[in-house]
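Since the structure is predicted, the reported quantities are computational estimates derived from the model, not experimental observations. Any value given below was found using the heavy atoms of this structure, including those in side chains, with hydrogens, waters and symmetry copies removed.
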Protein chains: 2
Amino acid sequence: MLPKNEIVHGDCIEVLKDFPDNSIDLIFADPPYNLQLPKNRKLIRENGTEVIPVNDEWDKFESYEEYDRFTESWLKECQRILKPTGTIWVMGMYHNIFRVGKIMQDLGLWFLNDVIWVKIDAMPNFNGRRFTNNHETLIWAVKNKNCKNYTFNNELLKRMNGGKQMKDTDWVFKICRGPERLKDENGIKAHPTQKPLKLIQQVLLTASKKGDLVLDPFLGSGTTAVVAKALGRDWIGIEKEKKYVALAKKRIQDFINNKL
Amino acid sequence: MLPKNEIVHGDCIEVLKDFPDNSIDLIFADPPYNLQLPKNRKLIRENGTEVIPVNDEWDKFESYEEYDRFTESWLKECQRILKPTGTIWVMGMYHNIFRVGKIMQDLGLWFLNDVIWVKIDAMPNFNGRRFTNNHETLIWAVKNKNCKNYTFNNELLKRMNGGKQMKDTDWVFKICRGPERLKDENGIKAHPTQKPLKLIQQVLLTASKKGDLVLDPFLGSGTTAVVAKALGRDWIGIEKEKKYVALAKKRIQDFINNKL
DNA sequence: GCAAGGCATGAATCTACAT
DNA sequence: GATGTAGATTCATGCCTTG
């Protein structure tokens, strides 16, 4: 039925179709951003090193329409399986978050906040033709407009914030670099978009309780699973790419071994 | 032809239809967040408290569609009249900005940044069920993907930012309160969504030059006109509500009188 | 051992110009 | 227009080497 505390290898839309209605407490989704980078262009730093872009096949879509169809499909399933007391978090940046947000509203998901993750140590804008991209947006929503009884750990958040109510602009975290960043056998980043543990931790501390069931339909490097495990939540991760399934499995096992 | 340095009283979509193609250097738009339909009108008691209407009758999906049609109409005109070297700024918050952003992308407008205005002195969230809303989002875009020669005053921005490249999260300004806030004869705020001068000033300093022509299709209290005048830009303002036309006209005249 | 400096690098819708 | 090549451009952070 529900494969708790496991990674499911497969297309998330297909996998989600087998999940029962109203069964998930919290969904964290970091879907493909549809970056649309120019082809055959390299970005070289002054010191001669090359910026490795997100160029994976999973981020490529033929058109806005195709991206929208994909987005609506997985969001529809997520909405269906989300409990009325649950919440969904969807993360993105200006390439995709506006499309995603409109589709969420059209499905009837009801927004609670759009939270700004202000990045520390983000990459500068090299050519000086725009502002530095220094944030990502997290849309936080309930299943529909009538859902009022969702989890929001206000007192905990206030304690974490020096006694003051936390703002949608108070999420300031480092990007994932250094020892936390998973590397492959060549020392290159093993996943192009690994998210920081602290960011996901903030999501789970905000909107879930111990024993809740957390779903990540785009598990990637497995950050959500590790954080859920650490915080005593059950979790389900879905990942399409076999190599990332293996990466995340090893990561989770390493985490458990070091913990015990 | 182009009513420079004037306020045009009328529906912005109708007014914009008479403007020639490729004629505006910078558009700043702070569109309405809610539908202005009669069935959605809010009732305000004499003591200022709000009568909450029964909303169950009207179809929520229909209202989104109505808002989307309106949004697409004015954005289409704005895109048409924007110079290939110009840029458009559209401001909003989570109620509307995702819908607006998707429609902009669908029209072919090409995003440069989504800038976060981090508010100072924003209202707290009283019931402790969400994060405090502490920001608004400004989408900054060019007419289409191929437009590269837009104005971005990088050197000025760096000087304003201590020699460092400015980030999309560096826009921290107070909300419009105190003497800057226009009041009516009863001392009540004369416009519900008056924006701070410094915010609009940052927009114009970022993406326009002296002598450029700036358009605000939702002029409201006239902040854009005042800032444009102060910075030596020409401007056009469109405003549908007669009382706000009068308010802005007086404000601009007061500004000119005090300046001279 | 400690301080200073070199070096790597991060979800990025690069720009200008020639062909 | 589309494509290819050369050019100009950037910040914070942490690890590691050097002195």
Side-chain angles (χ1 to χ4, degrees), chain A residues 29-61 63-64 67 90-100 117-138 172-184 186-196 199 218 220-221 223 244, chain B residues 84-85 87 101 104-105 108-114 139-152 154-155 157-158 161-170:
Chain A
D30 185 24
Y33 288 5
N34 190 22
L35 280 189
Q36 307 179 66
L37 296 172
K39 289 170 191 167
N40 305 321
R41 300 283 169 85
K42 290 187 175 180
L43 182 60
I44 307 294
R45 298 188 188 86
E46 198 181 34
N47 62 12
T49 60
E50 184 180 341
V51 175
I52 301 172
V54 177
N55 211 16
D56 288 17
E57 282 305 315
W58 54 259
D59 197 44
K60 295 195 190 310
F61 294 85
S63 61
Y64 283 142
Y67 184 77
V90 185
M91 186 167 177
M93 49 186 299
Y94 68 92
H95 305 82
N96 72 319
I97 196 64
F98 300 100
R99 317 192 70 78
V100 168
W117 168 30
V118 178
K119 297 184 184 183
I120 294 175
D121 206 10
M123 185 153 59
N125 180 276
F126 288 99
N127 57 11
R129 296 290 290 143
R130 308 174 176 205
F131 295 101
T132 301
N133 295 328
N134 202 55
H135 76 278
E136 297 197 23
T137 302
L138 293 101
V172 183
F173 299 111
K174 282 188 289 189
I175 59 170
C176 187
R177 282 183 56 184
E180 187 184 327
R181 188 83 194 220
L182 302 175
K183 303 292 198 317
D184 66 13
N186 302 316
I188 307 295
K189 55 186 174 188
H191 190 283
T193 67
Q194 185 182 343
K195 294 297 177 294
L199 177 73
F218 306 98
S221 59
T223 309
Y244 297 139
Chain B
T85 55
T87 59
M104 290 177 73
Q105 282 187 320
L109 290 159
W110 192 250
F111 291 177
L112 299 171
N113 282 116
D114 58 332
I139 295 175
W140 181 37
V142 284
K143 190 180 178 89
N144 63 59
K145 188 178 180 176
N146 300 317
C147 297
K148 305 291 183 189
N149 201 26
Y150 57 91
T151 298
F152 178 61
N154 191 39
E155 291 306 318
L157 291 167
K158 279 173 73 170
N161 200 39
K164 306 284 181 173
Q165 189 175 74
M166 199 174 279
K167 300 171 187 170
D168 57 17
T169 50
D170 281 339

Asks: Rounded to the nearest 0.5 Å, what separates atom OH in Y64(A) from atom CD in Q36(A)?
Replies: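 These two atoms lie 5.0 Å from each other.
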Asks: Taking the side chain of Y150(B) as its heavy atoms from C-beta onward, which of dA11(C), dA8(C), dT15(C) lies nearest to it?
Replies: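 In terms of side-chain proximity for Y150(B), the closest of dA11(C), dA8(C), dT15(C) is dT15(C).
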Asks: Looking across every strand, which nucleic acid part, if any, lies under 4.0 Å from R130(A) by heavy atom: base, sugar-phosphate, or nothing?
Replies: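 It contacts base atoms.
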Asks: Mind telling me whether Y67(A) and F61(A) have parallel, tilted or perpendicular rings, with 30° and 60° as the class edges?
Replies: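 Rings of F61(A) and Y67(A): perpendicular, as their planes differ by over 60°.
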Asks: Check if the side chain of K189(A) and the base of dA11(C) share a donor-acceptor pair of N or O atoms closer than 3.5 Å.
Replies: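 Such a pair does not exist between side chain and base.
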Asks: Across the strands shown, which category fits K39(A) at heavy-atom distances under 4.0 angstrom: base, sugar-phosphate, nothing?
Replies: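 Contact class for K39(A): none.
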Asks: If I take atom OH from residue Y244(A) and atom CD from residue Q194(A), how far apart are they, to the nearest 0.5 angstrom?
Replies: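 It comes to 11.0 Å.
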Asks: Hey, does the side chain of K167(B) come within less than 4.0 Å of dC11(D)'s phosphate (OP1/OP2), counting only N and O?
Replies: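 Looking at the OP1 and OP2 atoms of dC11(D), neither is under 4.0 Å from any side-chain N or O of K167(B).
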Asks: In whole angstrom, give the distance that lies between atom CG of D121(A) and atom P of dA8(C).
Replies: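 Rounded to whole Å, this separation is 16 Å.
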Asks: Heavy atoms only, 4.0 Å cut-off, all strands: where does P31(A) land among base, sugar-phosphate and nothing?
Replies: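 P31(A): base contact, heavy atoms under 4.0 Å.
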Asks: How many whole angstroms separate atom OH of Y33(A) from atom P of dA11(C)?
Replies: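 One finds 9 Å between P of dA11(C) and OH of Y33(A), rounded.
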Asks: Look at the side chain of K164(B) and decide which nucleotide, out of dC15(D), dA16(C), dC11(D), has an atom nearest to it.
Replies: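 Comparing dC15(D), dA16(C), dC11(D) against the side chain of K164(B), the answer is dC11(D).
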Asks: Classify K145(B) by what it touches in the nucleic acid, base, sugar-phosphate, or nothing, heavy-atom distance under 4.0 Å.
Replies: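 No contact.
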Asks: By the 4.0 Å heavy-atom rule, please label N125(A) as base, sugar-phosphate, or nothing.
Replies: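 Sugar-phosphate contact only.
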Asks: Using a 4.0 Å heavy-atom cut-off across all strands, classify I44(A) as base, sugar-phosphate, or nothing.
Replies: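 Base contact.
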Asks: Identify all stems in which DNA chain D takes part, counting only runs of at least 3 consecutive pairs (Watson-Crick or G-U wobble, each distance under 3.5 Å), and give each as one range with another, ordered by first number.
Replies: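 Output for stems: C:2-10 with D:11-19, C:14-19 with D:2-7.
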Asks: Is it the case that dG10(C) (base atoms only) and R45(A) (side chain only) share a donor and an acceptor within less than 3.5 Å, ignoring hydrogens and angles?
Replies: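 A donor-acceptor contact between them is present.
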Asks: Ring pair (Phe, Tyr, Trp, His ring centres under 6.0 Å) with F126(A): which residues, sequence neighbours excluded?
Replies: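 Per chain and number, F126(A) pairs via ring pair (Phe, Tyr, Trp, His ring centres under 6.0 Å) with no residue.
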Asks: Scan R129(A) against the nucleic acid and name what it touches under 4.0 Å (heavy atoms): base, sugar-phosphate only, or nothing.
Replies: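 Sugar-phosphate only.
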Asks: Specify the separation, in whole Å, of atom CZ of R41(A) and atom P of dA2(D).
Replies: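 The answer, rounded to whole Å, is 12 Å.
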